[in-house]
Amino acid sequence: MSDSSNNPAPQFGTAEYASQPAGDRCKVCQQPMGGTYYRVNMSRVCPSCAQNMKSAITLDNHSAYVRALAYGIGAAAAGLVGYAVIAILLQGWVISYMSIGVGWIVGTAMMKGSNGMGGRRYQIAAAVLTYAAVSMAAVPIWIHFARDRQPQKQTQDRNFEEEEERKFGNDAGQQQPDAQAAPRVERPRIGLGRWLGTVALIGLASPFIELTGNFFWGAIGLLILFWGIRIAWRITAGRRFEIYGPFADVPPASPSASP
């Protein structure tokens with residue numbers, strides 16, 4: 001009798017089953033799967049990772065939202081400063097695509113602060129912070145260039161006064177000595193709070209004020225700004241987990257020998 005193990009002919013009377021594939025691992029920790037598994041967004045994960053995800057979902061509380069706001073405000077302030085500095089260095093040529101970067105920074109920072117938790121309130125906060133950072137960047141830009149133009153304006157005014165004195169110097173010398181100068185009208189002083197409020201309103205309205213200067217470029221800037229807001233909105237939507245299970249990975253039963 002010949003040894004069946006040395007016989008290359010196929011054995012139709014005995015069924016052979018392949019072992020479980022070695023690549024059947026948890027999509028999160030990459031450890032080999034056991035007999036029980038869960039499905040998270042159509043991916044197979046081990047019970048330990050599934051439990052960790054369930055615990056993470058419940059962490060969306062007030063403290064997580066406050067941390068996200070703190071991170072978002074810091075990112076918005078950094079984006080405002082960066083936007084203004086780049087615009088000043090480029091001598092007023094503002095690159096509107098920087099709005100996209102501001103939106104990405106704000107959204108990413110908020111997700112970092114909340115440990116990956118997101119939702120509608122996170123999205124609203126990210127949109128508001130992105131718009132505020134980009135629009136308020138116009139204030140330091142305007143102040144910088146206004147200060148640069150002020151010495152030039154003073155020089156022009158001084159030259160104009162000197163020219164007027166040369167033309168009408170004789171008439172000025174013929175004035176009566178007892179003539180009194182016209183009373184000087186003083187402008188009412190504006191309080192600091194009112195000044196800050198006015199500056200804030202002008203800054204927030206700056207994307208729309210740009211439309212009055214150059215409608216085409218103003219409209220382009222608005223579109224890119226809303227694009228940046230959309231990026232921040234999508235980032236802070238959070239990760240949606242759909243967890244199903246547990247499921248039992250039952251190996252195939254051994255077939256009975258055929259007669």
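Only a predicted model underlies this, so the values are computations on that prediction, with no experimental measurement involved.
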Worksheet item: Should Y71 and M110 count as side-chain neighbours, where that means a heavy-atom distance under 4.5 Å?
Response: no

Worksheet item: For the hydrophobic clusters of this structure (ILVMFWY residues joined by side-chain heavy atoms under 4.5 Å, transitively), does one cluster hold both M111 and V128?
Response: no

Worksheet item: Quick one: does Y131's side chain have a donor or acceptor within less than 3.5 Å of a partner on L204's backbone?
Response: yes

Discussion item. Quick check on the hydrophobic clustering: are I105 and I124 connected, directly or via other members, by side-chain heavy-atom contacts under 4.5 Å?
Written reply: no

Response to the item:
Looking only at heavy atoms, the pair that brings P140 and L80 closest together is CG-CD2, 4.4 Å

Worksheet item: Taking the side chain from Q123 and the backbone from T236, do they hold a donor-acceptor pair closer than 3.5 Å?
Response: no

Discussion item. Is there a path of hydrophobic side-chain contacts, each under 4.5 Å between heavy atoms of I/L/V/M/F/W/Y residues, joining I235 to W227?
Written reply: yes

Item to complete: Verify whether the ring centers belonging to Y65 and Y122 lie closer than 6.0 Å.
Response: yes

Worksheet item: What pair of heavy atoms forms the shortest contact from L129 to G72, and how long is it?
Response: CD1-C, 3.6 Å

Item to complete: Report, as yes or no, whether the 6.0 Å neighbourhood of atom CZ on R230 holds more than 12 heavy atoms from other residues, nucleotides or ligands.
Response: no

Item to complete: Could you check if a side-chain atom of R120 sits within less than 4.5 angstrom of a side-chain atom of W233, using non-hydrogen atoms only?
Response: yes

Discussion item. With a 4.5 Å cut-off on side-chain heavy atoms, are L211 and L222 touching?
Written reply: yes

Response to the item:
To the nearest 0.5 Å, atom CD1 of I141 lies from atom CE of M136 at 11.5 Å

Discussion item. Is there a continuous path of hydrophobic side-chain contacts, each under 4.5 Å between heavy atoms, that joins L201 to I209?
Written reply: no

Discussion item. Looking at every non-hydrogen atom in both residues, tell me the closest pair between R44 and R39 and how far apart they are.
Written reply: CG-NH1, 3.6 Å

Fill in: Side chains of P246 and Y37 in contact at under 4.5 Å (non-hydrogen atoms)
no

Worksheet item: How many angstroms lie between CD1 in I88 and NE2 in H144, if you round to the nearest 0.5 Å?
Response: 5.0 Å

Discussion item. Give me the atom names and distance for the closest heavy-atom approach of V134 to S99.
Written reply: CG1-OG, 3.5 Å

Worksheet entry | 4.5 Å side-chain heavy-atom contact, C46 and Y38 | no

Discussion item. Please report the interatomic distance NZ(K27) to SG(C49), rounded to the nearest 0.5 Å.
Written reply: 12.5 Å

Discussion item. Nearest 0.5 angstrom please: R67 CZ to N115 CG, how far?
Written reply: 5.5 Å

Discussion item. A side-chain contact here means heavy atoms from C-beta on lying under 4.5 Å apart; do I231 and I100 qualify?
Written reply: yes

Fill in: Shortest non-hydrogen separation from P207 to L225 and the atoms involved
CG-CD2, 4.0 Å

Discussion item. I need the S135 OG to E210 CD distance, nearest 0.5 Å.
Written reply: 11.0 Å

Worksheet, complete the sentence: All heavy atoms of A232 vs all of T130, minimum pair found to be CB-OG1, 3.6 Å

Practice prompt. Please assess F247 against T36 for the test side-chain contact (heavy atoms from CB on, under 4.5 Å), listing each intermediate value before the final yes or no.
Written response: CA-CA 6 Å; F247 301 100; T36 304; over 6 Å; no

